[in-house]
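One structure is given below, encoded as structure tokens.
In listed order, ligands and their atoms are each counted from 1.
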Amino acid sequence: MKLILLGAPGAGKGTVAKLLTALDGSVQISTGDILRGAVQAGTELGKEAEGYMKRGDLVPDSLIMGIMEKRLQEPDCAKGFLLDGFPRTIPQAEALKELLAKLGISLDLVVNIAVPREVILDRLTTRRTCENPKCQAIYNVKSSPPKKEGICDKCGAKVVQREDETEEAISHRLATYNEKTAPLIGFYEKEGLLYTVEAVDSDTVVNGIKGKLGL
Ligand code: AMP
């Protein structure tokens with residue numbers, strides 16, 4: 001399947017993407033994961049992106065499009081992909097449309113995961129992430145803590161609070177979402193690709209997508 005997952009930070013895009021990859025081998029492409037990996041590895045891309053990310057600002061469109069143009073042409077995308085956290089702005093959506101046309105790829109669906117703001121705030125402040133860039137497993141101190149406190153169940157690396165998940169950075173990221181990313185809902189509605197699902201629980205979101213795609 002070829003999907004875009006839209007939704008505010010903390011709406012559950014990553015969790016839904018991971019559940020969907022298990023269905024048909026489509027790959028999850030998270031620009032946030034790619035950027036955090038680059039920051040940890042200290043690459044040029046990481047150095048350029050780090051400041052924006054710490055503040056909860058968006059990284060410039062040109063950097064993101066450079067990453068995505070390469071990533072979408074890698075062989076593992078042939079089976080399908082789940083775009084998690086991309087596109088984030090109207091110019092990114094327009095550039096993606098052009099890129100997909102050039103590559104001869106058409107999207108199946110754009111899923112808008114709509115979750116109430118209180119739930120988002122609660123989730124983001126209690127979310128913890130594995131610091132291993134190759135793992136980045138997600139935990140929640142209240143609802144799904146790691147078995148051993150502070151240690152990732154999957155890879156044994158440290159589980160930490162992301163630097164952009166302080167209260168200040170979170171409220172800035174949500175404002176950025178409302179200003180820059182929420183307009184994509186109207187963009188994809190016009191394209192006839194939008195499917196909005198109002199659900200807090202990721203399994204419900206996945207079942208809605210399966211129904212919509214006839215899986
Ligand atoms: P995420 O893990 O998706 O919440 O992304 C973490 C941070 O990475 C964001 O707050 C942005 O600074 C940056 N980022 C991720 N994806 C994008 C994107 N598509 N466009 C611009 N910045 C992005």
**Request:** Please report which non-hydrogen protein atom sits nearest to atom 4 (O) of ligand 1, along with the residue it belongs to and the distance in Å to one decimal place.
**Result:** Arg173 NH2, 3.1 Å
**Asked** To which protein heavy atom is atom 11 (C) of ligand 1 closest, and what is the distance rounded to 0.1 Å?
**Response** Asp57 O, 3.5 Å
**Prompt:** What's the spacing between Thr129 OG1 and Lys158 NZ if we round to 0.5 Å?
**Reply:** 13.5 Å
**Request:** Determine the minimum heavy-atom distance between Ala8 and Lys13, stating which atoms define it.
**Result:** O-NZ, 3.2 Å
**Message:** What protein heavy atom lies closest to atom 8 (O) of ligand 1? Include the residue and the distance to one decimal.
**Reply:** Met53 CE, 3.6 Å
**Complete:** Residue, atom and distance of the protein heavy atom nearest atom 2 (O) of ligand 1 read Arg36 NH1, 2.9 Å
**Complete:** Checking heavy-atom distances from atom 23 (C) of ligand 1 to each of Ile64, Asp61, Leu96, Asp33, the winner is Ile64
**Asked** In terms of side-chain geometry, is the basic nitrogen of Glu168 or Arg55 positioned less than 4.0 Å from the acidic oxygen of its partner?
**Response** no
**Request:** Out of Met65, Met68, Arg88, indicate the one that has the non-hydrogen atom closest to atom 18 (C) of ligand 1.
**Result:** Arg88
**Item:** Atom indices of ligand 1, in the order listed, that fall short of 4.0 Å to a heavy atom of Arg162
**Value:** 1 (P), 2 (O), 4 (O), 6 (C)
**Message:** To check you understand the geometry: which heavy-atom pair defines the closest contact between Pro116 and Val200, and what is its length?
**Reply:** CD-CG2, 4.1 Å
**Asked** Does the distance from a Lys or Arg side-chain N to an Asp or Glu carboxylate O, for Asp24 and Lys79, drop under 4.0 Å?
**Response** no
**Salt bridge Lys180-Asp61, side-chain N to carboxylate O under 4.0 Å** = no
**Request:** Check whether more than 12 heavy atoms from other residues, nucleotides or ligands sit under 6.0 Å from atom OH of Tyr52, and answer yes or no.
**Result:** no
**Item:** Validation row: Val16, Ile113 side chains within 4.5 angstrom (heavy atoms)
**Value:** yes
**Asked** Within the structure, does Gly85 bring an N/O atom to less than 3.5 angstrom of an N/O atom in ligand 1?
**Response** yes
**Asked** Using a heavy-atom cut-off of under 4.0 Å, does the side chain or the backbone of Leu58 touch ligand 1, or both, or neither?
**Response** both
**Fill in**
Within the 4.0 Å heavy-atom cut-off, what Lys180 brings close to ligand 1 is neither
**Complete:** min-distance protein heavy atom vs atom 13 (C) of ligand 1 -> Leu35 CD1, 3.6 Å
**Prompt:** Could Lys142 and Asp122 be called an ion pair, given the rule that one side-chain N must be under 4.0 Å from one carboxylate O?
**Reply:** yes
**Request:** Taking only heavy atoms of Gln92 into account, list the atoms of ligand 1 that are under 4.0 Å away from them.
**Result:** 18 (C), 19 (N), 20 (N), 21 (C)
**Prompt:** Quick one: does Val59 get an N or O within less than 3.5 Å of an N or O on ligand 1?
**Reply:** yes
**Request:** Using distance alone, determine whether Thr31 and ligand 1 share an N or O pair under 3.5 Å.
**Result:** yes
